2 protein chains.
Amino acid sequence: MSRVLVVDDEPQIRRALSINLRARGYDVEVAQDGERALELAARKHPDVVVLDLGLPGIDGVDVIRGLRGWTQVPIVVLSVRDAEDDKVAALDAGADDFVTKPFGMDELLARLRAALRRTAPAEEDAVIDTADFTIDLAAKKVQRNGEEVRLTPTEWHLVEVLVRNRGRLVAQTQLLQEVWGPQYHDETNYLRVFMAQVRRKLEPEPAHPRYFITEPGMGDRFEP
Amino acid sequence: MSRVLVVDDEPQIRRALSINLRARGYDVEVAQDGERALELAARKHPDVVVLDLGLPGIDGVDVIRGLRGWTQVPIVVLSVRDAEDDKVAALDAGADDFVTKPFGMDELLARLRAALRRTAPAEEDAVIDTADFTIDLAAKKVQRNGEEVRLTPTEWHLVEVLVRNRGRLVAQTQLLQEVWGPQYHDETNYLRVFMAQVRRKLEPEPAHPRYFITEPGMGDRFEP
DNA sequence: GCGCAGTTGACAACCCGTTAACAGGTCGTT
DNA sequence: AACGACCTGTTAACGGGTTGTCAACTGCGC
């Protein structure tokens with residue numbers, strides 16, 4: 001199920017959210033301050049972030065900026081009532097939604113579902129069919145000639161980003177950051193190696209790719 | 001600028017929002033009940049909907065469902081405090097965000113910006129069509145006679161600057177600085193070489209350019 | 001320790017920006 | 001009208017950087 005990163009300095013809130021979210025089937029990571037939040041986000045690639053604005057150390061709004069520098073992951077902010085200015089600043093920094101403390105668990109869960117649904121592919125777009133293979137984004141499966149093709153996690157992640165932007169050119173730095181994390185923005189080696197692996201598994205002629213196209217100097221794209 | 005559809009049954013709120021939003025440069029449509037909201041949304045295709053939950057006639061949540069049947073337009077819901085159940089129902093029906101009444105105009109504006117920003121990448125389908133070719137700025141693709149034309153990074157960069165300023169004359173120094181960098185302001189050689197390459201790839205008669213025009217001594221411009 | 005996945009390095013093939021050289025055209029000057 | 005200076009258009013070669021590919025290495029989990 002979906003991975004959630006919870007960022008809050010109050011242990012009892014971390015604990016409450018952790019228990020409640022796990023009970024609903026989410027994978028939960030917790031961080032108690034901004035530094036750890038950014039580091040965990042880079043390592044674990046959560047599907048959604050729940051972030052308390054009132055953090056010790058790095059300010060919550062700066063955490064949002066730090067995340068927005070490299071990822072579009074939805075961010076749900078927790079804030080105290082009457083902190084109107086903070087809310088506006090958070091939204092402008094790129095937060096997706098927020099919940100006022102004290103909050104009901106039902107409301108938070110509803111907002112998490114809403115945030116996740118926004119990034120989830122629309123139902124009808126979840127399956128991409130080509131003449132040579134079929135990609136099911138929801139099920140995370142690829143079929144070729146009726147047989148299932150196994151992709152490693154990184155290979156899949158790469159394919160996913162390209163397919164979600166099908167028809168569009170995706171810059172190398174963007175691909176690297178979305179698949180490997182913010183500090184990998186110039187490890188173009190990885191891209192070459194994994195594009196080659198993906199092509200070997202999916203392209204009819206890996207040496208003359210038809211779907212996973214590299215535009216020299218510009219980036220890569222998936223052509224359906 | 002962006003088109004906003006405001007749905008509320010209270011005339012003073014419609015009026016206040018209408019004035020404030022227009023003052024910020026939004027195009028505003030108003031509807032006083034659910035039926036008109038659905039009808040206006042279908043006719044005008046707003047970029048974002050501001051919807052009061054407590055409507056006469058069709059329930060606000062049903063309006064959300066009605067919209068979600070055919071569009072992903074972001075919906076910002078207005079609701080009274082303590083209507084927790086309504087909020088959850090609205091979010092699950094597909095609302096994107098909501099604001100509790102009474103609300104500050106700053107907060108509403110911030111949430112509108114956030115909602116618009118979420119769809120911005122998709123919305124920004126800047127596609128320029130001419131009789132001879134099509135330029136898709138978002139996908140970084142150029143088509144000519146149904147076939148894809150490949151531009152090198154520098155060629156693309158040059159085309160992009162010209163197209164974004166379509167119809168306007170762009171000075172040589174400005175082009176050189178935007179495409180090659182600040183220290184290249186007088187390398188007019190580059191401009192000639194690359195304008196020629198772009199013309200060769202896109203113009204029907206490269207020797208008599210119709211789209212990529214050089215105004216001697218002044219600069220260049222793209223004529224759609 | 002075995003197997004899988006990700007990481008790293010090496011190298012050839014290729015692509016693209018740079019550069020130079022020259023032809024054609026325009027304009028001002030004589 | 002003739003001339004030359006200057007700007008523009010066109011082409012081709014060079015060299016450096018990027019890409020595709022392979023294989024060995026590392027680290028982790030079973």
Side-chain angles (χ1 to χ4, degrees), chain A residues 42-45 140 142 148-162 169-173 175-181 183-221, chain B residues 140 142 148-162 169-173 175-181 183-221:
Chain A
R43 236 179 42 220
K44 303 282 188 173
H45 294 272
K140 293 195 192 292
V142 182
E148 187 140 329
V149 179
R150 230 186 78 64
L151 298 183
T152 70
T154 309
E155 286 163 9
W156 172 260
H157 204 343
L158 177 61
V159 168
E160 197 177 9
V161 174
L162 287 171
L169 191 104
V170 186
Q172 294 191 343
T173 56
L175 270 176
L176 284 163
Q177 295 193 351
E178 290 214 24
V179 176
W180 280 273
Q183 68 273 40
Y184 288 77
H185 62 95
D186 60 351
E187 299 278 346
T188 57
N189 239 342
Y190 292 5
L191 220 41
R192 285 184 276 142
V193 171
F194 277 83
M195 284 294 286
Q197 283 173 358
V198 167
R199 287 188 186 122
R200 190 140 35 87
K201 290 187 179 180
L202 297 182
E203 290 277 359
E205 291 179 87
H208 302 99
R210 196 179 131 192
Y211 302 102
F212 294 93
I213 315 285
T214 296
E215 307 270 10
M218 307 207 49
D220 302 88
R221 74 192 147 87
Chain B
K140 290 197 197 288
V142 181
E148 191 132 329
V149 179
R150 234 187 77 62
L151 298 183
T152 70
T154 309
E155 287 163 9
W156 174 260
H157 204 343
L158 177 61
V159 168
E160 200 177 9
V161 174
L162 286 171
L169 186 84
V170 186
Q172 293 193 342
T173 56
L175 270 176
L176 283 163
Q177 295 191 3
E178 288 213 30
V179 177
W180 281 272
Q183 68 273 38
Y184 289 76
H185 62 94
D186 60 353
E187 300 277 348
T188 57
N189 234 346
Y190 293 5
L191 222 40
R192 283 184 277 137
V193 171
F194 277 85
M195 284 295 285
Q197 283 173 359
V198 167
R199 287 187 186 120
R200 187 145 38 90
K201 290 188 179 180
L202 297 183
E203 291 277 359
E205 290 180 87
H208 302 98
R210 196 178 132 193
Y211 302 101
F212 294 94
I213 315 287
T214 296
E215 308 271 8
M218 313 221 39
D220 303 86
R221 77 193 144 86

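Worth saying up front: this structure is predicted, and the values here are computed from it rather than measured. Here is how names work: the chains are called A, B, and so on, in the same order as the sequence lines, proteins then strands, and each is numbered from 1.
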Closest listed nucleotide, where the reference is the side chain of B:Val193 and the choices are C:dT7, D:dT11, C:dC15: D:dT11
Phosphate OP1/OP2 of D:dC7 contacted by B:Thr188 side-chain N/O (<4.0 Å): no
Sugar-phosphate only, base, or nothing, as touched by B:Trp180 at under 4.0 Å among non-hydrogen atoms: sugar-phosphate
Short side-chain N/O contact to D:dT21 OP1/OP2 from A:Arg192, under 4.0 Å: no
Separation of atom CG in B:Leu176 from atom C1' in D:dC7, rounded to whole Å: 14 Å
Nucleotide C:dG9, atom C1' - distance to CG of A:Leu191 in whole Å: 17 Å
Nucleotide nearest B:Tyr190 (side chain, heavy atoms from C-beta), chosen from C:dG17, C:dG6, C:dT19: C:dT19
Minimum-distance nucleotide to B:Ala207 side chain [options: D:dT10, D:dT21, C:dT8]: D:dT10
Any B:Thr214 side-chain N or O less than 4.0 Å from OP1/OP2 of D:dT8: no
C:dG17 OP1/OP2 closer than 4.0 Å to side-chain N/O of B:Thr152: yes
Euclidean distance, atom CG of residue A:Asp186 to atom P of D:dG17 [Å, nearest integer]: 16 Å
Closest to side chain of A:Phe194, choosing from C:dG17, C:dG6, C:dA21: C:dG6
Nearest listed nucleotide, side chain of A:Pro216, among C:dT18, C:dC15, C:dT8: C:dC15
Length of the CZ-P vector between A:Arg200 and D:dT19, whole Å: 19 Å
Sugar-phosphate, base or nothing in reach of B:Gln172, heavy atoms under 4.0 Å: sugar-phosphate
Touch class at under 4.0 angstrom, heavy-atom based, for A:Glu215 against every strand present: nothing
Separation of atom CD in A:Glu187 from atom C1' in C:dT7, rounded to whole Å: 9 Å
Any B:Arg199 side-chain nitrogen or oxygen under 4.0 Å from OP1 or OP2 of D:dG9: yes
Whole-Å distance separating the NZ atom of B:Lys201 from the C1' atom of C:dC16: 10 Å
B:Asn189 CG - D:dT10 P separation (whole Å): 14 Å
